[in-house]
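Okay, structure first, notes after.
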Amino acid sequence: MKYIHSKETLEIPEGVKIHIKTRTVTVEGPRGENSPPNYSNRARRQHSLTRMVGKLTKDLGHLSVSFSHPKQNIINIELHHGTRKNVATLRTVRTLINNMIIGVTKGFRYKMRYVYAHFPINVNIEKDNETGLYDVEIRCVLP
């Protein structure tokens with residue numbers, strides 16, 4: 001069975017800008033700065049993992065949804081003539097964009113738990129004085 005028209009609505013909070021061009025979604029917010037600072041290659045990789053930049057980009061070109069912007073703080077995500085699985089992608093797209101909005105406003109905290117069964121694991125966390133970022137070193141001793 002095909003659904004003629006399906007639509008999801010997403011509200012944009014104040015202080016967040018969303019740009020959509022050819023199904024590439026860019027969300028900018030108050031968290032962090034707009035471009036990463038000039039670090040060495042190693043620090044740049046670590047910086048991109050921490051997501052401290054106030055600009056997140058997601059390419060949704062593989063999904064056949066259309067976006068519209070009827071009001072200043074509302075985005076409509078629409079799908080025409082979709083099956084049940086295609087309609088399920090609407091809520092997925094809305095959730096992805098909502099998670100990006102949360103990331104640029106509140107941020108995320110990742111917790112890592114390590115467990116070993118037989119071979120012991122050593123974990124060292126050190127702060128780099130140059131960049132202010134943390135290095136995580138995981139050592140597993142195998143016989």
Side-chain angles (χ1 to χ4, degrees), residues 3 5-143:
Y3 295 90
H5 181 258
S6 301
K7 179 170 88 170
E8 286 282 338
T9 305
L10 178 67
E11 281 194 35
I12 305 168
E14 283 188 38
V16 176
K17 295 179 186 176
I18 295 184
H19 307 285
I20 301 171
K21 186 172 183 180
T22 63
R23 290 189 221 148
T24 301
V25 180
T26 304
V27 179
E28 293 183 47
R31 184 107 175 145
E33 59 229 11
N34 283 336
S35 61
N38 249 345
Y39 292 142
S40 64
N41 286 338
R42 179 177 175 211
R44 188 174 295 121
R45 280 194 311 263
Q46 291 170 347
H47 186 77
S48 66
L49 292 176
T50 58
R51 297 284 182 179
M52 291 299 291
V53 180
K55 184 177 184 180
L56 296 176
T57 303
K58 185 85 170 167
D59 185 15
L60 302 172
H62 61 285
L63 301 173
S64 60
V65 296
S66 60
F67 297 97
S68 63
H69 198 64
K71 293 183 182 176
Q72 181 71 21
N73 62 343
I74 291 179
I75 289 181
N76 286 338
I77 307 161
E78 298 175 324
L79 178 72
H80 296 282
H81 304 292
T83 60
R84 185 174 174 215
K85 288 186 178 181
N86 297 125
V87 172
T89 60
L90 283 178
R91 189 164 172 96
T92 302
V93 169
R94 188 183 74 145
T95 305
L96 284 171
I97 297 172
N98 195 30
N99 286 343
M100 291 169 68
I101 290 171
I102 291 171
V104 297
T105 54
K106 297 178 185 175
F108 288 102
R109 173 174 283 184
Y110 296 100
K111 292 184 180 180
M112 185 169 118
R113 184 179 296 179
Y114 64 96
V115 179
Y116 64 91
H118 185 69
F119 298 110
I121 297 174
N122 295 326
V123 177
N124 295 326
I125 301 173
E126 297 176 3
K127 187 171 184 178
D128 191 0
N129 292 333
E130 260 183 55
T131 61
L133 300 174
Y134 290 95
D135 290 331
V136 178
E137 180 182 3
I138 302 172
R139 290 186 183 179
C140 179
V141 181
L142 296 175

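Just so you know, these numbers come straight off a predicted model, no measurement behind them. Numbering of residues begins at 1 and proceeds along the displayed sequence.
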Over all atoms of both residues, closest heavy-atom pair of [X] and [Y]:
X	Y	result
Ile12	Gln72	CD1-O, 4.4 Å
His5	His80	CD2-CE1, 2.8 Å
Ile74	His69	O-ND1, 3.3 Å
Glu11	Ile101	O-CD1, 4.4 Å
Leu79	Ser64	CD1-O, 2.8 Å

Problem set entry | Neighbour count above 12 (heavy atom, 6.0 Å) for Phe119 CZ | yes
Exercise. With Ser68, which residues qualify under side chain to side chain contact (heavy atoms under 4.5 Å, CB included), at least two apart?
Worked result: Pro70, Asn76, Glu78
For this session: Quick one: list whatever passes side chain to side chain contact (heavy atoms under 4.5 Å, CB included) with His81, sequence neighbours left out.
Result: Ile4
How many angstroms lie between atom [atom1] of [X] and atom [atom2] of [Y], to the nearest 0.5 angstrom?
X	Y	atom1	atom2	value
Asp135	Lys127	CG	NZ	11.5 Å
Asp59	Arg23	CG	CZ	9.5 Å
Thr131	Asp128	OG1	CG	4.0 Å
Ile102	Leu56	CD1	CG	11.5 Å

Non-hydrogen side-chain atoms of [X] and [Y] separated by less than 4.5 Å:
X	Y	result
Lys58	Leu96	yes
Thr89	Lys85	no
Phe67	Ile97	yes
Thr26	Lys55	yes

Exercise. Does the Arg94 side chain pair with the main chain of Leu10, one donor and one acceptor, at a distance under 3.5 Å?
Worked result: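 No, Arg94 side chain to Leu10 backbone: no donor-acceptor pair under 3.5 Å.
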Problem set entry | All side chain to side chain donor-acceptor pair (under 3.5 Å) counterparts of Thr83, not counting sequence neighbours | Asn86
Exercise. Side chain to side chain donor-acceptor pair (under 3.5 Å) with Asn124: which residues, sequence neighbours excluded?
Worked result: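 For Asn124, no residue satisfies side chain to side chain donor-acceptor pair (under 3.5 Å) once neighbours in sequence are set aside.
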Exercise. Among all residues two or more places apart in sequence or in another chain, which pass the salt bridge (charged side-chain N to carboxylate O under 4.0 Å, His left out) test with Glu137?
Worked result: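 Scan of Glu137 (salt bridge (charged side-chain N to carboxylate O under 4.0 Å, His left out), adjacent residues dropped) gives Arg139.
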Which donor-acceptor pairs under 3.5 Å do the side chains of residues 14-22 make with protein atoms, sequence neighbours left out?
none

